[in-house]
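What follows is a single structure, written as structure tokens, with notes after it.
Chain A is the first sequence line, chain B the second, and so forth, proteins listed ahead of strands; every chain is numbered from 1.
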Amino acid sequence: MSFVALPGFRDAFPDALARRRRIFDVWRQVATRYGFEEYDGPPLEPLELYTQKSGEEIVEQLYTFTDKGGRSVALRPEMTPTLARMVAQRAAQLRKPIRWFSIPQLFRYERQQRGRLREHFQLNMDIIGEAGPLADAEVIAAAVDVVRALGFGPGEVRVRVSDRRVLAELLTDELGVREPELPGVLTALDKYERAGAAAQAGLGAALGGDAARTEGVARFAARLRDPAPLLATPAAAPLRACVGHLAATGLGAFVEVDFRVVRGLAYYTGIVFELFDAKRELRAICGGGRYDNLLKDVGGVDLPCVGFGMGDVVLGELIAARDGPAAGSPAVDVFVAVVGAEDRPSALALAHALRERGIRVEFALRTQALGKQLELAAARGARHAVVIGPSEREAGEAVVRALETGAEARVSLEHLATEYGFA
RNA sequence: GUGGCUGUAGCUCAAUCGGUCAGAGCGCCGGACUGUGGCUCCGGAGGUUGCGGGUUCGAUUCCCGUCAGCCACCCCA
């Protein structure tokens, strides 16, 4: 009987884990650089936390079960409800604006495909308590700086920014869309770019089968490619300000206004954005926006919020496409080799002394030919091998071999153990 | 959950019309090299051809089912 990981779940072998950790390191660096504090919450939450906001149908997409206490629980599919709950608890005492980030592992039960698994890690950055567009610009800038820190420029990654308020105003004021229809229409518009004409059916449904208004909105959708007219409307003032802030920051080259970006989630209320690879081969790297009503709905505290989620899967694919197979960095600095078994005590003493100094040391776990030991040392990527044999021991020394060049030097064991620099 | 495509050693792949076709390269282990690695040469381990049925004298090859992967839908945290 052999086992493999469940569908959509990943085993993290050392090379893959190294790549993940690099992503995590950059996430933490950038978030910290922006003055964000890290938080975390439980991976398991009451099912109601999600059904309340998103409706019963989302249960189909959750890992749920009943625990031994009879509670309906779910593995968290997203971090925002947890954040809302946590912030609501301490909203009165927390100095606004709140800048928090988290790197949760999230779960979703659905058919996996490329860039979309049943489990992933996601950087969440949110600013809570500030409604102005500089807050939006701040989180967008942070998202861009993550991909910049990973070595991507405007030629590889782009940000598309939009604002639902602009769309909503035109839809209601000029195209006859009624307030209750708005969420459905926005969802249909979000699909328009991907699905094209096929999305028109959803649009019609959202408008109660009203052919005339459907036609009007469809024509509107077809014109969204050109952002200029909408960007000039009064409702676009926050978006213009946000884009201006990003330009002033120096990140303007990454940014383009594109009203075709709507985002699928119902709770977005203002500026929405996404990062994507410039070639458009992958799924969105990151998606986010403003959700000013969510905290009130979930936590009973009325605070404006803006934030994003950036998953490790698509980002990892982007890095892999550029860097090729994960290399994995050396785990060993110095390999201590012995000529014979009688050299072992000296080798162990030296190895331990080096480890005490924080140097990463490995040695062969059984007596082997020196050639074998050096082979292993090279395979490990160690920079140096230290060879101890009878003649060295007699002189109180060891041979230090630089594995890249083959250069060797005899160094006293005392000096090696206490201060020798393996440069 | 629905539909399409795919499934051979750890990895990348090969195997004429169903008939010694179960192989290669890389990787791994060992030897040449009993005090010096990366190269080279030699050898070895590793596969019930995803799994289960069926057709056939005979199936990696054809059919059905199932599981898994990829793609699209759904959904996009």
Using a heavy-atom cut-off of under 4.0 Å over every strand shown, decide if [X] touches base, sugar-phosphate, or nothing.
X         : answer
Arg76(A)  : nothing
Gln373(A) : nothing
Gly307(A) : nothing
Gly406(A) : base
Leu370(A) : base
Gly309(A) : nothing
Glu404(A) : base

Could you work out which one of [options] sits closest to the side chain of [X]?
X         : options                : result
Arg111(A) : G3(B), G69(B), C75(B)  : G3(B)
Leu374(A) : A77(B), U36(B), U2(B)  : U36(B)
Val339(A) : G35(B), A77(B), G37(B) : G35(B)
Ala378(A) : G37(B), G35(B), C75(B) : G37(B)
Lys372(A) : C75(B), G30(B), G35(B) : G30(B)
Gln368(A) : G30(B), A77(B), U36(B) : G30(B)

Could you walk me through whether Asp126(A) and Tyr291(A) pass side-chain hydrogen bond (donor to acceptor under 3.5 Å, both in side chains), step by step? CA-CA 10 Å; Asp126(A) 294 273; Tyr291(A) 51 100; 2.4 Å; yes
Distance, [atom1] atom - from [M] to [N], rounded to whole angstrom:
N      : M      : atom1 : answer
U60(B) : U20(B) : C1'   : 14 Å
C57(B) : U49(B) : P     : 22 Å
G58(B) : U2(B)  : P     : 36 Å
C75(B) : U61(B) : P     : 39 Å
C51(B) : C67(B) : C1'   : 7 Å
G25(B) : A45(B) : P     : 15 Å
G10(B) : C5(B)  : P     : 28 Å
G47(B) : G4(B)  : P     : 35 Å

Does the [N] base have a donor-acceptor partner in the side chain of [X] within less than 3.5 Å?
X         : N      : answer
Glu392(A) : G35(B) : yes
Glu408(A) : U36(B) : yes
Arg116(A) : C75(B) : yes

Report yes if a side-chain nitrogen or oxygen of Gln112(A) is closer than 4.0 Å to either non-bridging phosphate oxygen (OP1 or OP2) of C70(B); otherwise report no. yes
Can you tell me if Gln113(A) touches the phosphate of A72(B), counting only side-chain N or O atoms and a distance under 4.0 Å to OP1 or OP2? yes
Relative to Tyr63(A), does Arg118(A) satisfy both conditions: NZ or CZ under 6.0 angstrom from the six-membered ring centre, and within 45 degrees of the ring's axis? no
Just the rounded figure in Å: distance from [atom2] of [N] to [atom1] of [X].
X         : N      : atom1 : atom2 : value
Glu342(A) : U34(B) : CD    : C1'   : 13 Å
Phe13(A)  : C11(B) : CZ    : P     : 10 Å
Leu376(A) : U36(B) : CG    : P     : 17 Å
Arg118(A) : A77(B) : CZ    : P     : 19 Å
Asp15(A)  : G27(B) : CG    : C1'   : 13 Å
Tyr268(A) : C76(B) : OH    : P     : 10 Å
Leu117(A) : G69(B) : CG    : P     : 10 Å
Arg380(A) : G38(B) : CZ    : C1'   : 16 Å

Using 4.0 Å as the upper bound for N to carboxylate O, is an ion pair formed by [Y] and [X]?
X         : Y         : result
Glu215(A) : Arg219(A) : yes
Glu156(A) : Arg322(A) : no
Arg164(A) : Asp292(A) : no
Arg148(A) : Asp145(A) : yes
Arg10(A)  : Glu119(A) : yes
Arg401(A) : Glu408(A) : yes

Around atom CZ of Arg357(A), are there more than 12 heavy atoms from other residues, nucleotides or ligands closer than 6.0 Å? yes
Which comes earlier along RNA chain B counting from the 5' end, the contact point of His120(A) or that of Ala407(A), where each point is its nearest nucleotide? Ala407(A)
Taking the inter-plane angle between the rings of Phe422(A) and Tyr420(A) on a 0 to 90° scale, is it parallel (under 30°), tilted (30 to 60°) or perpendicular (over 60°)? perpendicular
Pairing annotation in dot-bracket form, given for RNA chain B with Watson-Crick or G-U pairs under 3.5 Å and | for cross-strand partners: (((((((..((((.....[...)))).(((((.......))))).....(((((..]....))))))))))))....
